[in-house]
Amino acid sequence: MERVRFAPSPTGHLHIGGARTALFNYLYAKRTGGKFIVRIEDTDLNRSTTESEKVIIDSLKWFGINWDEGIEVGGPDEPYRSTERNFIYEPYVKKLIDEGKAYYCYCSEEEIEKERQESLSKGETYKYSGKCRNLTEEERKKLEEKGIKPVVRFRVPDNEPIIIDDAVRGRVEFNTNDIGDFIIVKSDGIPVYNFAVVVDDHLMKITTVIRGEEHLSNTPRQILIYKALGFDIPKFAHVSLILGKDRTKMSKRHGSTWVEQYEQAGYLPEALINFLALLGWSPEGDEEIFTLEELCEKFSLERVAKNPAVFDIDKLNHINGIYIRKSPIERIVDLSIPHLIKAGYITEEFAKDNRQYVTLLVSTFREKISHISEIVNHAAVLFGDEVKIENEEAAEVLKQEHVVSLLDELYAIVNEAEKLDNEFIQNMFKELKNRTGAKGKALFMPVRVALTGQVHGAELVNIIELLGKDNVLKRIEYTKKNLL
RNA sequence: GGUCCUAUGGUCUAGUGGUUAGGACGCCGCCCUCUCACGGCGGUAACAGGGGUUCGAAUCCCCUUAGGACUACCA
């Protein structure tokens, strides 16, 4: 059975690229009937925080992909946080040292840094000198007595090819000559990520490692560890990076890079999933809109592209718009309410007491939005007492001769109304047409502009209903007084 | 600098030796319509360059160029 995992380090938010990696892992597990595991790789004590871990897990949950084993849900390989697994790593480190495959190194960071700078200035690739490779017991004791806390380095063999048969990249070859003896345990006694992953993946019986391409260069080091420990080497699948508009690795500079931010902007998780699935993977036919379940059936590593992908917000918007229009209106209403409240257009109580009104508002504008927060821009037209003429075109509309009488008649009709509902408004336009002779554009546009100041907008009948009798009357008065 | 990865329209991609190079986003036009949006229809636009291999290359090989990742007691 296939077993895959997503192993984020809790040093920030869930990056959009991380979300895609998690998704691919999830889809692969579902497709193959395997298990998906989530484990927290918090070996970096300086950068890892519990807040970050929470944020990442919350984002993962919102994203809608659940895991079979791992953090929070538990499983046969607890604990799922590497800082709590230190006792597990220790014997493996000891084994490597005992077998001479790893050794203690007492070089100070300053020393190493100096060496690095030197080789860099000479234009050479830096590799650890191997100074501490063959320290005698005697020498070690002396250094220990000085109170130096050593790191543990892996003894990298000479001139050995390392071949990765990558599921997406094909055969990739490295040579150990390009790798210096690297650190596997830091001086604080915590193993480094490269070591912890290997032990964790082995113990958790991970069969396929699907992760970002940035890990490809580290894979030979990990393979060395697998071999030294006598572990089976899993399959690897390195997925290309997601790039920003300028074709560099997507980062804060490129706008929203965390899934949290997309949640806040009002993107739907299914839409983000659909979009991210298409970023680097392609289905067989021409269809592009898929539910999670459909993706689970269709996904395969063979169809994952090798080339990096630029994150295209326009396409995300398009897909999200489709999902917004497809969703039950109630859901979109629920999602819209916080944005409308935040904009100050409604209160929580109002939303509770006037569900019908808010539903009409949302269904009036949802055709026009690509993410929920945009509804605020469109709803703006309903609030405030003044009518602001948006442009010359709108001003022109009001200059037409028949506008004054049209607005007078409109006022009269509305004034007599008890309540402006859809049916009444429909009839109102018929009556207006009868009384003034204006029809089509000449009928609707002046009303639209007089009431909203805009020449474009959503369904006028709905706008009028949403405005309500009092506001309509107020706005007609305002327009007649100030804009004619 | 070194190692590695990548290269089809502006963007995401299909394509695995013979296709009018297909789809999607965007953009443009038309239809629908009071308008915008939605929707429908149509259009614009690509094989980075140079060498090979082959009867025949987007497809296989090499070089160049361009981009990217890694090169930490980060992941």
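Just so we're on the same page: letters track the sequence lines, and every chain starts at 1.
Between A:R171 and A:E287, it is A:R171 whose nearest contact on RNA chain B lies nearer the 5' terminus.
The side chain of A:L460 lies closest to B:C34 when the candidates are B:C34, B:U13, B:C73. The side chain of A:H318 has B:G26 as its nearest neighbour among B:A72, B:C34, B:G26. When each of B:U35, B:U6, B:U13 is scored by its nearest atom to the side-chain atoms of A:P308, the top-ranked nucleotide is B:U6. Here the nucleotide nearest the side chain of A:E459, chosen from B:U35, B:C73, B:U13, is B:U35. For A:K315, whose side chain is taken as the heavy atoms from C-beta onward, the closest listed nucleotide among B:C73, B:G68, B:C25 is B:C25. Checking B:C4, B:A69, B:U35 against the side-chain heavy atoms of A:K249 singles out B:A69 as nearest. Distances were taken from every side-chain heavy atom of A:R303 (C-beta onward) to each of B:U35, B:A14, B:C70; the shortest belongs to B:A14. Relative to the side chain of A:M445, the nucleotides B:C73, B:A69, B:U35 differ in distance, and B:U35 lies closest.
Per the geometry, CD1 belonging to A:I163 stands 17 Å off P belonging to B:U3, to the nearest Å. Nucleotide B:C74 holds its P atom 13 Å from the CD1 atom of A:I112, rounded to whole Å. In this structure, A:H456 places its NE2 atom 18 Å from P of B:U33, rounding to the nearest Å. Taking atom CG on A:L241 and atom P on B:A69, their separation rounds to 7 Å, with Å as the unit. If you measure from atom CD of A:E288 to atom P of B:G26, you get 11 Å, rounded to the nearest angstrom. Going from atom CG of A:L45 over to atom P of B:C74 covers 10 Å, rounded to whole Å. Rounded to an integer number of Å, the gap from CG of A:N274 to P of B:U13 is 14 Å. If you measure from atom CZ of A:F311 to atom C1' of B:G10, you get 17 Å, rounded to the nearest angstrom.
Across A:R133, A:R153, A:K127, A:R155, a single residue satisfies side-chain hydrogen bond (donor to acceptor under 3.5 Å, both in side chains) together with A:D181, and that is A:R133.
Using a cut-off of 4.0 Å between Lys/Arg side-chain N and Asp/Glu carboxylate O, A:E41 and A:R39 are scored as salt-bridged. The pair A:R171-A:E173 meets the salt-bridge criterion, with a side-chain N (NZ, NE, NH1 or NH2) lying under 4.0 Å from an Asp/Glu carboxylate O.
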Problem - ring pair (Phe, Tyr, Trp, His ring centres under 6.0 Å) assessment of A:F275 paired with A:F311 - result: CA-CA 10 Å; A:F275 170 71; A:F311 187 93; 5.1 Å; yes

Exercise for the section: Report the C-alpha separation of A:T257 and A:I242 in whole Å, then their side-chain angles, then the decisive distance to 0.1 Å, and conclude whether the side chain to side chain contact (heavy atoms under 4.5 Å, CB included) test is met. Expected result: CA-CA 10 Å; A:T257 53; A:I242 296 178; over 6 Å; no

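Side-chain N/O atoms of A:R448 and base N/O atoms of B:C34 include a donor-acceptor pair closer than 3.5 Å. For B:C73, its base sits under 3.5 Å from the side chain of A:S187 at one donor and acceptor pair at least. With hydrogens and angles ignored, no donor-acceptor pair closer than 3.5 Å exists between the side chain of A:E367 and the base of B:G39. Counting distance only, with no hydrogens placed and no angle test, the side-chain atoms of A:R47 and the base atoms of B:C74 include a donor-acceptor pair under 3.5 Å.
The base-pairing partner of B:G9, taking Watson-Crick or G-U wobble contacts with both distances under 3.5 Å, does not exist among the strands shown. The partner of B:A69, taking Watson-Crick or G-U wobble pairs whose two distances both stay under 3.5 Å, is B:U3. With a cut-off of 3.5 Å on both pairing distances, B:A14 has no Watson-Crick or G-U wobble partner at all. Remark: B:C27 base-pairs with B:G43. Criterion, Watson-Crick or G-U wobble with two distances under 3.5 Å.
Side-chain contact of A:D42 with A:S48: a donor-acceptor pair under 3.5 Å is absent, judged by distance alone.
For the OP1/OP2 pair of B:A72 and a distance below 4.0 Å, the side-chain nitrogens and oxygens of A:R116 include at least one atom meeting the criterion. A:S217 has no side-chain polar atom (N or O) that falls below the 4.0 Å cut-off from OP1 or OP2 of B:C4. For B:U13, the OP1/OP2 oxygens have a side-chain nitrogen or oxygen of A:N307 closer than 4.0 Å. Distances shorter than 4.0 Å separate some side-chain N or O of A:R247 from OP1 or OP2 on B:C12.
Rounding to the nearest 0.5 Å places CD of A:E393 at 6.5 Å from CE of A:M445.
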